[in-house]
Amino acid sequence: MIAATGLLLVTFVLVPLWAILKNSFVTPDGIGLDNFVRYFTDSRFVTIVGNTFEVGISVTLTTMVLAYGFAYAIQRTCMPLRNVLRIVALLPIFSPSLVQALGLQFLLGRNGLVNRTFGTEIDIYGFWGIYIADVVYAFPHAFLILSTALAVADARLYESAESLGAGAWRIFRTVTLPGTRYGLASAGFVVFTIVITDFGNPVVIGGNYSVLAVEIYNQVSGQANFAMGAVIGVLLLLPAALAMIGEKWISRRHFASVTAQSVPLAPQPNRARDTAWLIYSLLVAAVILSLVAIVIYASFVRLWPYNLSFSLRHYEFDVQNGLQPLWTSIQVAILTAVISMVFVTGAAYANHAFPMRASRVLYFLAILPAAVPGMVLGLGYILAFNTPGQPIYWMYDTILIIAFCNVYHYHAQGFLLATTNIKQISSTFDEASATLGATKLKTVWRVTLPIIWPTVLAVGVFFFMRAMVTLSAVIFLISPSTQLAAVSVLYLDDRGALNQAAAFAVCIMATVVAFLVLAQIALRVAGIRGVSLVR
């Protein structure tokens with residue numbers, strides 16, 4: 001099992017990365033550093049690198065503050081509507097990243113609702129457009145991590161602080177913040193990586209303010225300059241890898257703040273505090289909801305912004321390929337979910353069940369994709385597999401290569417989810433099964449799987465959702481026969497068909513939500529309760 005899962009990881013992660021690194025040094029005169037020299041001596045490219053880090057740092061800081069406050073309100077107060085607000089916070093996960101930029105166009109664009117209603121001349125294209133769109137896009141990722149960090153705490157620490165006369169602010173500063181510093185670090189690294197590698201929002205609303213993710217697309221798709229695309233891929237890979245290394249370094253220094261003797265912290269009602277945090281949470285939720293709601297609204301008007309009468313014309317999809325990209329996306333998402341449930345959970349089980357030196361290598365390979373931006377991985381697939389004679393060439397230009405790209409793009413998250421659950425299973429089950437004469441395979445089938453199947457299902461749901469909305473990892477792999485819905489939204493927006501782009505985006509969101517609802521209904525019909533499919 002270690003050999004099989006390791007071979008897949010080498011093939012679909014290491015080989016593409018090697019292709020990126022190798023091609024970044026290929027010049028017309030042979031192997032050398034000319035591509036890097038050319039890049040860093042061009043003032044335009046230096047500006048693009050500066051833009052990327054400007055957006056990345058500013059969005060990360062803003063998102064961390066907003067998400068921490070929102071998570072604190074959900075976990076540490078008794079305000080009403082917490083479950084509703086939690087769902088609203090997760091809405092950006094159910095849609096492609098460019099939906100936030102599309103919503104900003106409808107609200108604050110030159111022909112946006114605000115400018116036409118109030119006669120203003122707000123110019124949202126450029127840094128501020130990317131900044132707002134990426135804050136909303138990254139918000140749920142930070143919220144989920146910080147919400148988990150704030151969900152548990154030792155009440156004894158807070159009682160001691162109050163007994164010593166500490167006020168609310170000092171308790172927050174000396175008890176709450178230190179107890180969640182690992183969550184803060186993890187969320188910061190995740191958000192920074194997401195932002196600097198985001199492609200959808202900058203390409204839609206960035207205007208003349210270019211960033212590396214857009215530049216790599218322009219170099220490869222616009223100019224067929226694969227060598228320079230590989231150079232930019234290496235530049236994108238470095239900060240993401242450093243973020244992952246930093247997160248691991250901090251995790252080693254982290255200590256458990258909750259022990260067996262801890263008393264769970266239970267928030268007590270406080271009208272003034274709960275009202276203040278409710279107002280804050282409603283404001284944040286209103287921004288998120290407004291960007292999604294305006295996209296849904298625009299999909300049902302005849303011609304934005306000149307004729308706002310109700311119409312279903314944009315759902316006829318009378319464009320090239322019609323509704324086929326949506327069906328292709330669903331097929332790719334289902335295939336991705338099936339592959340992930342087999343290979344990702346298989347890798348997690350192999351790493352847990354066979355503690356040996358090889359499993360350490362497997363663990364490293366399994367979490368390595370967390371440091372690989374989607375566009376870099378997608379470009380690596382072109383450079384590594386789009387050559388006749390390659391063993392994987394037969395998969396190229398099929399939905400199978402797109403599905404494998406999705407699986408290994410998000411492999412680290414699914415692997416860690418499965419590993420966490422498998423490690424909770426006591427070894428006594430395996431020992432009892434072996435004592436009764438069962439083989440390892442029979443133990444997995446009769447003992448392990450019945451215990452971890454909710455996690456296996458959750459892994460499949462996670463990969464289905466990501467495969468439906470991902471854009472950066474697959475933008476280089478699609479063809480006319482394998483067009484995806486998220487890419488169709490980008491193309492429709494690029495040619496000015498905003499209403500139809502909105503309609504396609506709504507269909508993607510509706511598909512993801514419908515899949516979650518149907519899966520939950522199927523579980524209830526089967527008599528299964530208390531299983532969360534979104535983790």
Side-chain angles (χ1 to χ4, degrees), residues 1-16 93-94 96 141 144 328-353 362-374 377-378 380-381 392 395 398-423 444-445 448-449 451-474 477 482 484-486 508 511-512 515-516 518-520 522-523 531-535:
M1 291 181 70
I2 289 178
T5 53
L7 179 62
L8 288 170
L9 284 163
V10 169
T11 302
F12 292 104
V13 178
L14 285 188
V15 171
I93 291 180
F94 300 150
H141 300 275
L144 286 173
T328 304
S329 289
I330 294 173
Q331 293 173 31
V332 169
I334 292 174
L335 188 57
T336 300
V338 173
I339 293 173
S340 67
M341 286 190 291
V342 176
F343 293 122
V344 176
T345 54
Y349 179 77
N351 180 74
H352 169 74
L362 176 64
Y363 182 84
F364 170 77
L365 291 175
I367 64 171
L368 179 62
V372 183
L377 189 63
Y381 276 42
I392 311 297
M395 292 173 55
T398 68
I399 63 173
L400 189 59
I401 193 71
I402 298 175
F404 270 101
C405 184
N406 286 330
V407 168
Y408 288 98
H409 179 204
Y410 299 106
H411 189 278
Q413 295 93 318
F415 174 82
L416 292 174
L417 172 61
T419 299
T420 301
N421 188 258
I422 290 173
K423 285 185 179 297
V444 170
W445 182 255
T448 308
L449 273 180
I451 296 175
I452 69 167
W453 74 262
T455 297
V456 175
L457 194 58
V459 167
V461 169
F462 168 78
F463 278 92
F464 180 92
M465 291 170 54
R466 301 317 302 164
M468 282 296 303
V469 303
T470 189
L471 180 65
S472 61
V474 300
L477 298 178
T482 57
L484 301 177
I508 295 172
T511 301
V512 174
F515 177 80
L516 291 173
L518 290 174
Q520 203 69 55
L523 290 177
V531 175
S532 175
L533 293 177
V534 181
R535 303 188 178 189

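When reading the values below, keep in mind they use all heavy atoms of this one structure, side chains included, and skip hydrogens, waters and symmetry mates. Index from 1, following the sequence.
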> Do Phe464 and Thr336 make a side-chain contact, defined as non-hydrogen atoms from C-beta onward lying under 4.5 Å apart?
no

> So how far is it from Ile508 CD1 to Leu471 CG, rounded to the nearest 0.5 Å?
9.0 Å

> Is it the case that the side chains of Tyr410 and Ser340 hold a donor-acceptor pair, with the cut-off being a distance below 3.5 Å and no angle test?
no

> Just how far is it from atom CD1 of Ile392 to atom OH of Tyr381, taken to the nearest 0.5 Å?
9.5 Å

> Scan Val10, Asn351, Val13 and name whichever one has a side-chain contact (heavy atoms from CB on, under 4.5 Å) with Leu365.
Val10

> Start with the C-alpha gap between Leu14 and Leu368, add the side-chain angles, then the distance that decides, and say whether side-chain contact (heavy atoms from CB on, under 4.5 Å) holds.
CA-CA 9 Å; Leu14 285 188; Leu368 179 62; 3.7 Å; yes

> Pair Phe515, Val461 - check side-chain contact (heavy atoms from CB on, under 4.5 Å), show working.
CA-CA 8 Å; Phe515 177 80; Val461 169; 4.0 Å; yes

> On a heavy-atom basis, which atom in Phe12 and which in Leu377 lie closest, and how many Å separate them?
O-CD1, 3.8 Å

> Can you list the steps and then say if Thr482 with Leu477 is a side-chain contact (heavy atoms from CB on, under 4.5 Å)?
CA-CA 8 Å; Thr482 57; Leu477 298 178; over 6 Å; no

> Side chains of Phe404 and Thr11, heavy atoms from C-beta outward: is any pair under 4.5 Å?
no

> Less than 4.5 Å apart, any side-chain heavy atom of Val372 and any of Tyr408?
no

> Evaluate the side-chain proximity of Met465 to Ile93: yes if any heavy-atom separation is below 4.5 Å, no if none is.
yes

> Please answer whether the main-chain N or O of Ala467 pairs with a side-chain N or O of Thr470 as donor and acceptor at a distance below 3.5 Å.
no

> How long is the span from the CD1 atom in Ile399 to the CG atom in Leu335, to the nearest 0.5 Å?
5.5 Å

> Quick check: closest heavy atoms across Met468 and Val512, and the distance to 0.1 Å?
CB-CG2, 3.8 Å

> Just verifying a value: how many Å separate Leu362 CG and Leu7 CG, rounded to the nearest 0.5 Å?
11.5 Å

> Find the distance between CD1 (Ile402) and CE (Met395) and round it off to the nearest 0.5 Å.
10.5 Å

> Might you point out which heavy atoms bring His411 and Ala366 nearest each other, and give the distance in Å?
ND1-O, 3.0 Å

> Tell me, with the steps shown, if Ile367 and Phe415 meet side-chain contact (heavy atoms from CB on, under 4.5 Å).
CA-CA 7 Å; Ile367 64 171; Phe415 174 82; 4.1 Å; yes

> Donor-acceptor pair, distance only, cut-off 3.5 Å: does the side chain of Ser329 make one with the backbone of Ala485?
yes

> Could you pull out the closest heavy-atom pair between Ala403 and Ile339, with the gap in Å?
CB-CD1, 4.2 Å

> Shortest non-hydrogen contact from Gln413 to His409?
OE1-O, 4.3 Å

> Taking all heavy atoms of Gly460 and all of Ala337, pick out the closest pair and write down the distance.
O-CB, 3.3 Å

